[in-house]
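Written out below as structure tokens is the structure these notes cover.
Predicted, not measured: the structure shown is a model, and the values here were computed from it.
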Amino acid sequence: MLVSAKTSNYFFLYFATQVSRRSSLKPSVTKANPTRMTSNHTDCHYCLQSLCGRKYALREENAYCVTCYDSLFANSCEECKQPIECDSKDLAYKGRHWHEACFKCAKCNCSLVEKPFAAKDELLLCTECYSDEYSSKCFHCQKTIMPGSRKMEFKGNSWHESCFVCQYCRQLLGTKPLITKDNKNYCVPCFEKQFAHHCYSCKKVITSGGMTYHHQPWHKECFLCAGCKTQLSGQRFISKDEYPYCEDCFGKLYAKKCAACKKPITALGGAKFISFEERQWHGECFNCAKCSVSLVGLGFLTQQDDILCHKCGSAT
């Protein structure tokens, strides 16, 4: 069957960001610790206490003492639920925040700080734990398809991109058309070289849906009645001189006619017929001309063109 593989860019490796104390808490790669007083800021914007000689933090260009900043703006840690104070690193991911010490894999508890991680059902996992729990196994090598790598999906199975190759030429299949035989995948040119049959009628390759007649391969659409050219695949037909015919054409061209009903005698389906003195009958038509009793397997008498049972013949 000719199909195409699908690809999925899989998956999502993230790095947490540290929140800047100077930037409206937007994610940033730098962290601004509370700093010493400068000439531009003299008082806390909230409590109005002097900042001279004290640490402070900036938010939207306003200066706050550490106490006010923590009470007003500190984020709550997702893990321990405690405020992330001004002196602590605030690691953020998708609107959630963690202390540096709390930013850990939900399964093995290893730190995820400055490491790639994956998210699953609101849980953060290191790449190793995510792979063990959720990553697909390559159908070819049975090894884990790691997050962030490209995988190929076909018929419900997954492959590393480098493992999804033609069984014969070993070239990457990618999203090219392919044909599967005995659970092995082949590019179309290799399959045709190795396995494909050529239709006896049109001489083209049969990739699917073929049939055999007189030990020769045919496309189903090429297997036609020699008389009317009707497609015969899935239909009853009769062979004559190595040519196939539908029942109607064979009856019109070659079949003998029943002496009783005048219809062709084709013998399709193993039907029996009776022959006597150059005349033929369907088995169901070989009856006494007077009483209509079946004469199949019985003795009979003739009277001109009629056939009669012994009782009717004797009474004549």
Give, for atom [atom1] of [X] and atom [atom2] of [Y], the distance between the pair rounded to the nearest 0.5 Å.
X: Leu51; Y: Cys44; atom1: CG; atom2: SG; value: 6.0 Å
X: Glu85; Y: Thr67; atom1: CD; atom2: OG1; value: 9.0 Å
X: His219; Y: Ser233; atom1: NE2; atom2: OG; value: 12.0 Å
X: Cys249; Y: Leu232; atom1: SG; atom2: CG; value: 9.0 Å
X: Asn75; Y: Leu91; atom1: CG; atom2: CG; value: 11.0 Å
X: Met152; Y: Cys138; atom1: CE; atom2: SG; value: 11.5 Å

Original post:
Is a side-chain donor-acceptor pair under 3.5 Å present for Ser239 with Tyr245?
Top reply: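 There is no such pair between these side chains.
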
Subject >> Ring-ring centroid check Tyr56 Tyr69, cutoff 6.0 Å >> reply: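 No, the ring centres sit 6.0 Å or more apart.
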
Subject >> His282 and Cys261: CA distance, side-chain angles, deciding distance, side-chain contact (heavy atoms from CB on, under 4.5 Å) verdict >> reply: CA-CA 8 Å; His282 294 109; Cys261 71; 3.4 Å; yes

Original post:
For Glu221, which residues count as a salt bridge (charged side-chain N to carboxylate O under 4.0 Å, His left out) partner, sequence neighbours excluded?
Top reply: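 With neighbours one apart ignored, the set is empty.
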
Subject >> Set of salt bridge (charged side-chain N to carboxylate O under 4.0 Å, His left out) partners for Lys107, sequence neighbours left out >> reply: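 In terms of salt bridge (charged side-chain N to carboxylate O under 4.0 Å, His left out), with neighbours along the sequence ignored, Lys107 is linked to Glu133.
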
Who pairs with [X] by ring pair (Phe, Tyr, Trp, His ring centres under 6.0 Å), at least two apart in sequence or on another chain?
X: Tyr64; result: His45, Phe73
X: Phe139; result: Trp159
X: Phe286; result: Trp281, Phe300

Original post:
Under the side-chain contact (heavy atoms from CB on, under 4.5 Å) test, which residues partner Glu128, sequence neighbours left out?
Top reply: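 For Glu128, the residues satisfying side-chain contact (heavy atoms from CB on, under 4.5 Å) (neighbours in sequence not counted) are Cys126.
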
Subject >> For Ser294, side-chain contact (heavy atoms from CB on, under 4.5 Å) partners two or more places apart >> reply: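 side-chain contact (heavy atoms from CB on, under 4.5 Å) list for Ser294, sorted by chain: Asn287, Val296.
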
Original post:
In the hydrophobic cluster built from side-chain contacts under 4.5 Å, what are the other members alongside Leu172?
Top reply: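 Val165, which link up through side-chain heavy atoms under 4.5 Å apart, make up the rest of the cluster.
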
Subject >> Check against side-chain contact (heavy atoms from CB on, under 4.5 Å), Leu124 and Phe103 >> reply: CA-CA 9 Å; Leu124 304 184; Phe103 194 65; 3.4 Å; yes

Write down the atom of [X], the atom of [Y], and the distance for their closest heavy-atom approach.
X: Cys309; Y: Val293; answer: CB-CG1, 4.0 Å
X: Lys115; Y: Ser111; answer: CD-O, 3.3 Å
X: Leu308; Y: Ala289; answer: CD2-CB, 3.9 Å
X: Leu295; Y: Gly299; answer: CD2-O, 4.3 Å

Side-chain touch [X]/[Y], heavy atoms, less than 4.5 angstrom:
X: Leu112; Y: Lys104; result: no
X: His160; Y: Lys143; result: yes
X: Tyr46; Y: Leu72; result: yes
X: Lys220; Y: Trp218; result: no
X: Cys187; Y: Cys169; result: yes
X: Lys290; Y: Lys311; result: no
X: Asn185; Y: Phe154; result: yes
X: Pro244; Y: Tyr213; result: yes

Subject >> Greater than 12 external heavy atoms within 6.0 Å of Lys137's NZ >> reply: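 Check passes, neighbour count above 12.
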
Original post:
Quick check: are there more than 12 heavy atoms from other residues, nucleotides or ligands sitting under 6.0 Å from CD of Gln142?
Top reply: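 Enclosed: over 12 neighbouring heavy atoms sit under 6.0 Å from CD of Gln142.
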
Side chain to side chain donor-acceptor pair (under 3.5 Å) partners for [X], two or more places apart:
X: Thr302; value: none
X: Gln167; value: none
X: Glu161; value: Arg150

Original post:
Do Arg54 side-chain atoms and Ser50 backbone N/O form a donor-acceptor pair below 3.5 Å?
Top reply: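 Checked: pair present.
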
**OP:** Start with the C-alpha gap between Leu178 and Phe164, add the side-chain angles, then the distance that decides, and say whether side-chain contact (heavy atoms from CB on, under 4.5 Å) holds.
**Re:** CA-CA 11 Å; Leu178 61 96; Phe164 194 60; 3.7 Å; yes

Quick check on the hydrophobic clustering: are [X] and [Y] connected, directly or via other members, by side-chain heavy-atom contacts under 4.5 Å?
X: Tyr243; Y: Phe250; answer: yes
X: Phe195; Y: Val205; answer: no
X: Leu123; Y: Tyr93; answer: no
X: Val66; Y: Leu48; answer: no

Original post:
For Phe223 and Phe237, what are the C-alpha separation, side-chain angles and deciding distance, and is it a ring pair (Phe, Tyr, Trp, His ring centres under 6.0 Å)?
Top reply: CA-CA 11 Å; Phe223 189 62; Phe237 65 91; 5.2 Å; yes

**OP:** Among residues two or more places apart or on two chains, list those pairs meeting side-chain hydrogen bond (donor to acceptor under 3.5 Å, both in side chains) that have a residue in residues 193-204.
**Re:**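 Only Tyr168-Gln194 qualify under side-chain hydrogen bond (donor to acceptor under 3.5 Å, both in side chains).
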
**OP:** Kindly indicate, with the supporting measurements, whether the criterion side-chain contact (heavy atoms from CB on, under 4.5 Å) is fulfilled by His99 and Lys89.
**Re:** CA-CA 6 Å; His99 290 105; Lys89 286 184 178 179; over 6 Å; no

